[in-house]
Amino acid sequence: GGNEEETAITKLVVGSETAYAPFEMVDENTGDYIGFDMDIIKAIGDAMGVEVEIRSMEFTALIPALQNGQIDCAISAMSITEERAQSVDFSDSYFDAGLIIAVAADTKGIETLDDLKGKVLAAQIGTIGADACVAVQTEDPATEVKTYDHVGEAFMELEKGGADAVVNDLAVTAYYIKTEASDKAKMVGEVFQADDHYGMPVQKGDAATLALLNEGLAKIKADGTYDEIYTKWFE
Amino acid sequence: MNFGFTNTEWIFGTMILDKLNEIHGFQVVVNNLPNFGMGALLTLEITVFSIVIGMVLGLLAALGRMSKVKVINSIAVAYIDFFRGTPLFVQILLLYFGIIPLIFDATPVQAAIIACGLNSGAYVAEIVRAGIQAVDRGQMEAARSLGMTQGQAMINIIFPQAFKIVIPPLINEFIMLLKDTSLVSAISVPELTHTGKMLYASTYEAVWVWGAVCVFYFIMTKALSILGDWTERRLATE
Amino acid sequence: MNFGFTNTEWIFGTMILDKLNEIHGFQVVVNNLPNFGMGALLTLEITVFSIVIGMVLGLLAALGRMSKVKVINSIAVAYIDFFRGTPLFVQILLLYFGIIPLIFDATPVQAAIIACGLNSGAYVAEIVRAGIQAVDRGQMEAARSLGMTQGQAMINIIFPQAFKIVIPPLINEFIMLLKDTSLVSAISVPELTHTGKMLYASTYEAVWVWGAVCVFYFIMTKALSILGDWTERRLATE
Amino acid sequence: MIVVKNLHKSFGKLEVLKGIDCHIDQKEVVCVIGPSGSGKSTFLRCINRLEEAQQGQVFLDGEEVTAPNADINRIRQEMGMVFQLFNLFPHKTTLENVTLGPIKIKGMRKEEADDIAIKLLRKVGLGDKDHVFPGQLSGGQKQRVAIARALAMQPKVMLFDEPTSSLDPEMVGEVLEVMKGLAYEGMTMIVVTHEMGFAREVGHRVFFMDEGILMEEGTPSQIFDNPRNPRTQSFLSKVL
Amino acid sequence: MIVVKNLHKSFGKLEVLKGIDCHIDQKEVVCVIGPSGSGKSTFLRCINRLEEAQQGQVFLDGEEVTAPNADINRIRQEMGMVFQLFNLFPHKTTLENVTLGPIKIKGMRKEEADDIAIKLLRKVGLGDKDHVFPGQLSGGQKQRVAIARALAMQPKVMLFDEPTSSLDPEMVGEVLEVMKGLAYEGMTMIVVTHEMGFAREVGHRVFFMDEGILMEEGTPSQIFDNPRNPRTQSFLSKVL
Ligand SMILES: Nc1ncnc2c1ncn2[C@@H]1O[C@H](COP(=O)(O)OP(=O)(O)OP(=O)(O)O)[C@@H](O)[C@H]1O
Ligand SMILES: Nc1ncnc2c1ncn2[C@@H]1O[C@H](COP(=O)(O)OP(=O)(O)OP(=O)(O)O)[C@@H](O)[C@H]1O
Ligand SMILES: [Mg+2]
Ligand SMILES: [Mg+2]
């Protein structure tokens with residue numbers, strides 16, 4: 001019912017692909033969902049006085065789940081793209097991202113997107129990193145693109161030597177190299193698609209949830225909570 | 001407090017444990033045992049609900065398959081053929097993302113149970129049909145020659161005997177289904193495999209995480225198959 | 001150029017086609033038919049290689065399982081129990097991300113074939129064992145009473161008869177395996193299901209994409225099962 | 001009592017019964033003999049329509065059994081059948097095997113059915129085996145229970161299809177004894193058998209069948225001592 | 001020729017042979033009779049060690065068959081065995097069934113083995129059936145092929161385990177004929193059978209077994225006309 005919308009929201013069911021550190025992941029000791037995105041959405045919930053329930057799902061399942069009404073919104077390091085905006089509405093951007101190329105520590109000669117031509121690339125299914133890889137492949141069909149359900153599997157492919165490079169979000173790749181692979185992998189070249197921003201998608205036309213998210217985001221940015229969380233995860 | 005071990009055994013045991021404790025993957029697994037346990041519980045839950053649905057659907061489909069009414073027969077055949085002829089994994093994705101949303105709002109667990117139930121129904125149908133056909137033809141003839149109708153003979157003579165024949169393959173189907181529920185991890189049902197996926201994504205401990213998941217599954221399937229053997233033996237001696 | 005259709009049929013047909021062409025999902029499927037085709041081809045390829053490995057492993061494991069040498073028997077039992085007692089999906093992840101990298105660099109396709117081959121070997125082992133045991137005991141007795149050794153009797157008498165018994169369940173295993181290869185999509189093998197995943201991730205056309213994937217699988221499994229029925233009939237009349 | 005007219009039966013292209021005509025009187029015991037595959041079982045099974053004949057008629061007391069609208073379930077109650085492989089219901093005790101028909105089909109009260117069943121089991125010499133399952137009985141005992149089961153429906157005629165040929169030799173006697181008793185009580189019986197001794201002693205008439213044809217019929221002494229048909233002669237020379 | 005000393009055999013707790021002693025001379029035909037389950041088949045199968053006896057010895061021409069280090073595969077070649085259910089190899093033609101042993105075990109040349117096999121098939125009356133598969137043969141024909149198969153190994157003794165009891169009555173004769181022929185040629189034979197006529201006519205001695213014990217033995221006329229043991233008497237009264 002449209003009338004009760006403003007008063008009705010007491011709980012948000014939030015979808016997230018909880019396998020994308022440091023934005024969302026499982027605490028390896030407790031099994032809880034933790035990460036930048038998790039903290040952000042909880043802070044928004046606290047600020048707006050609504051309960052937040054996280055539902056873990058595959059990245060490719062998020063938008064369909066919104067469309068089906070199985071979740072109210074998603075927070076999953078999802079870049080705001082035109083294509084996606086046709087299926088869902090996005091909140092204000094809450095993170096400025098960009099893509100980066102990661103290669104094995106001893107790799108030489110890969111610096112730019114052009115250098116990726118003819119190489120074996122790994123990425124996560126349905127991400128803009130995968131789109132970038134496919135774009136390279138379209139230019140040079142000799143390029144091979146391997147795609148996985150989770151980015152961690154793409155990183156493993158790089159570690160195993162099954163891929164020459166992984167194209168993925170900067171923050172995630174940086175976190176992975178810092179925590180897991182400082183001796184095995186490195187980032188090369190410049191951040192590209194730097195106009196890439198993360199947003200929280202809601203069902204198309206769901207103005208109430210959208211308003212709630214935007215308001216909450218504004219509040220936590222104003223009161224310094226956002227900066228605290230940012231510092232906690234990225235510095 | 002040596003729990004009946006000798007001193008050397010005790011020292012040796014604690015030494016191994018100390019070594020293991022230094023391994024990251026081992027710690028990860030130990031710390032997450034409760035999570036694995038909860039995942040396993042959900043796996044069992046989905047399996048049990050699915051097999052119940054599967055048995056009901058399977059019985060109906062088996063009867064439909066043996067029916068002489070053309071329409072009923074065709075529906076049963078189409079149902080059985082489709083669900084046996086395509087991968088459960090794809091069925092899950094088709095149902096969860098495609099078909100079920102057109103009908104009603106299902107939670108992932110509900111969708112998982114529906115998909116697995118529909119799938120196992122097709123396999124149960126073939127088990128039931130084979131069971132009925134495995135009852136000696138002479139039984140039907142003896143019943144009919146007493147003057148029973150087809151229906152009376154089925155209910156009094158054929159079904160009770162088919163039941164016994166059907167139990168072992170049904171338990172086998174139960175085991176298959178338990179393993180197959182690993183596929184619903186794709187629609188974010190937090191069962192055992194999904195628990196593993198998430199843990200793997202944050203720890204990259206493939207051998208430990210997937211090894212532990214295997215152990216959990218193995219315990220469950222082994223328990224079921226021991227139960228199955230026991231039932232089979234009991235049925236045989238009866 | 002009406003290809004033998006009447007005018008009304010022709011008009012009606014083109015009307016339906018026009019309507020379909022307006023649907024986005026239909027366009028997506030039609031435009032990607034070549035991709036689906038290539039995916040299906042890889043699915044078949046992996047299935048065939050896996051079943052070959054599975055048959056070799058299965059025969060060895062079946063013999064091991066029936067061996068009286070304790071060590072061999074235990075190894076065979078452990079192999080069969082593990083691969084039948086845990087989900088293939090988890091086996092694939094464990095092997096690809098955990099075990100195989102410790103041994104050698106495998107491409108996803110190689111890893112897929114290894115995982116599926118190991119898995120089907122365990123099932124084939126039980127099929128072969130059941131086949132050998134299904135040969136009438138009197139056959140072994142007749143052979144031994146002529147003065148044949150155990151080995152001579154196996155090779156000349158038991159195996160040729162078990163072979164016939166084993167063909168139908170082997171074809172069934174082939175079909176199961178074909179469907180199970182859908183799981184290797186998780187390790188980025190661009191087979192049929194992976195093709196579907198990619199297309200779905202960029203179009204969100206669940207019904208059309210997964211429906212199309214189902215159709216491709218169904219055609220392949222149906223073809224195999226027709227082949228199976230035909231073989232079974234031929235064996236029966238021989 | 002039973003009249004068979006021009007009975008034809010084929011399985012696919014194989015013509016198994018090529019026009020059988022015969023009649024069997026009340027209280028008559030007819031033994032059917034003949035080589036394997038000659039259609040003896042098929043003949044018997046067409047009489048109570050376990051097999052549907054393609055052509056011809058069967059009458060029981062003037063009622064056409066083979067009529068499309070015949071109430072075959074009722075008619076079958078009047079024709080007890082005993083099979084070579086007993087076909088007892090393995091999941092029921094001997095008593096339940098015998099009472100099942102009266103209770104489920106005739107709607108008899110359980111107590112009454114039990115009474116009748118106990119009497120019948122006593123009659124076939126198995127009064128003490130009422131709560132035993134068929135699996136625990138010897139072949140001869142099984143067949144006697146099967147006879148009791150058929151009798152419990154109070155049939156007008158009993159059809160026997162080689163009732164002793166899957167029995168160990170020392171059990172054949174006990175079953176034939178029971179059948180002999182039935183015959184002396186005046187039961188109408190059609191018995192397909194290889195027991196020539198029984199046929200000679202108990203049968204009023206003997207039918208010799210070969211290749212789907214009722215080749216020769218007559219009293220036991222006519223058939224066994226003076227067979228006219230050369231086929232009968234050759235068959236008897238082999239089995240006697 | 002065959003000597004059996006104190007043979008004991010149990011299946012689990014079930015004691016099936018309770019100490020059998022006997023000896024069989026060359027060219028002797030011994031028929032073993034007795035009720036079902038008395039251990040007749042087990043006795044025969046212990047002789048060629050298809051079953052391993054727990055205690056006791058079997059000698060063939062002085063060589064101990066039951067010795068742990070006996071070359072049982074060679075010894076079995078000297079003891080042909082014929083089974084109740086024929087046990088022909090269904091995937092081989094009749095000719096191949098007969099030549100398989102000579103070729104694979106004795107290493108005979110195929111041509112030579114074929115020659116011998118054809119002669120044997122003629123002898124059992126199946127000279128024209130050499131390229132037929134067992135599935136196309138009648139029961140009596142199958143059993144005759146099985147006899148030829150056993151003979152092809154040129155055994156010193158033939159063991160028969162109820163060779164006619166799964167045959168239709170009109171086929172029993174043809175198999176017994178072949179066996180009679182063998183007996184008259186001087187083959188040593190041990191025949192478990194329910195065919196009392198054959199035992200009386202062809203047997204030199206008859207063994208009556210019951211409950212794992214060789215209860216009585218003697219010439220056919222001693223056993224059939226003057227059985228001394230009450231068990232023998234009661235058994236014979238049932239089957240004769
Ligand atoms: N259901 C069936 N389908 C096809 N053929 C059948 C069927 N039942 C019987 N036959 C064939 O019909 C013929 C006659 O069979 P039937 O059982 O009547 O012979 P029978 O005289 O009873 O022989 P037996 O003494 O061996 O029991 C045989 O050739 C048999 O193979
Ligand atoms: N492999 C076996 N395992 C267990 N028990 C067996 C086995 N073989 C035979 N027996 C049992 O041993 C007993 C004697 O069996 P055997 O076959 O020797 O009897 P038989 O005299 O040949 O009977 P029949 O005339 O029925 O062939 C029976 O009680 C039988 O159930
Ligand atoms: Mg018959
Ligand atoms: Mg025996």
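A note on names: the letters A, B, ... follow the listed sequences, proteins ahead of strands, and every chain is numbered from 1.
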Below 4.5 Å, heavy-atom pairs only: which of C:Thr86, C:Leu178, C:Thr221 has the largest tally toward chain B?
C:Thr86
Only pairs of heavy atoms separated by less than 4.5 Å count here; which of C:Trp208, C:Phe216, C:Tyr123, C:Tyr204 has the most with chain B?
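With the most close heavy-atom pairs to chain B, the winner is C:Tyr123.
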Please check: side-chain N/O of C:Lys179 versus main-chain N/O of B:Phe89, any donor-acceptor pairing under 3.5 Å?
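The answer is no, because no donor-acceptor pair under 3.5 Å joins these two groups.
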If you draw a 6.0 Å radius around [atom1] in [X], do more than 12 non-hydrogen atoms from other residues or ligands fall strictly inside?
X	atom1	answer
B:Phe163	CZ	no
C:Phe49	CZ	no
B:Met66	CE	yes

As an exercise: rank B:Val215, B:Ile175, B:Leu183, B:Leu192 by heavy-atom pairs under 4.5 Å with chain C and give me the winner.
B:Leu183
With respect to chain C, which residue among B:Gly211, B:Ala186, B:Gly85, B:Ala206 yields the maximal number of heavy-atom pairs within a distance under 4.5 Å?
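Top option by heavy-atom pairs under 4.5 Å: B:Gly85.
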Side chain, backbone, both or neither: which part of [X] has an atom under 4.5 Å from a heavy atom of chain B?
X	result
C:Thr193	side chain
C:Met220	neither
C:Ser225	neither

Part of residues 90-97 of chain B lying next to chain C, heavy-atom separation under 4.5 Å
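Within residues 90-97 of chain B, the residues under 4.5 Å from chain C are B:Val90, B:Leu93, B:Leu94, B:Phe97.
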Residues in side-chain contact (heavy atoms from CB on, under 4.5 Å) with C:Pro169, at least two apart?
C:Ile127
With a 4.5 angstrom heavy-atom cut-off, which part of B:Thr181 approaches chain C: side chain, backbone, both or neither?
neither
Using 0.5 Å steps for rounding, measure from the CZ atom of B:Arg84 to the NZ atom of C:Lys222.
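One gets 10.0 Å once the value is rounded to the nearest 0.5 Å.
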Looking at every heavy atom in both C:Ser182 and B:Pro87, which two are closest together, and how far apart are they?
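Nearest heavy atoms, C:Ser182 then B:Pro87: OG-CB, 3.4 Å.
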List the atom of C:Phe218, the atom of B:Asp81, and the distance in Å for their closest heavy-atom pair.
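Closest approach of C:Phe218 to B:Asp81, heavy atoms only: CE1-O, 3.3 Å.
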Of all residues at least two apart in sequence or in a different chain, which pass the side chain to side chain donor-acceptor pair (under 3.5 Å) check with C:Arg65?
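Once residues adjacent in sequence are excluded, C:Arg65 has no partner under the side chain to side chain donor-acceptor pair (under 3.5 Å) criterion.
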List for me each residue that meets side chain to side chain donor-acceptor pair (under 3.5 Å) alongside C:His24, sequence neighbours excluded, and say none if there are none.
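Partners of C:His24 by the side chain to side chain donor-acceptor pair (under 3.5 Å) criterion, ordered by chain and then number, come out as C:Glu205.
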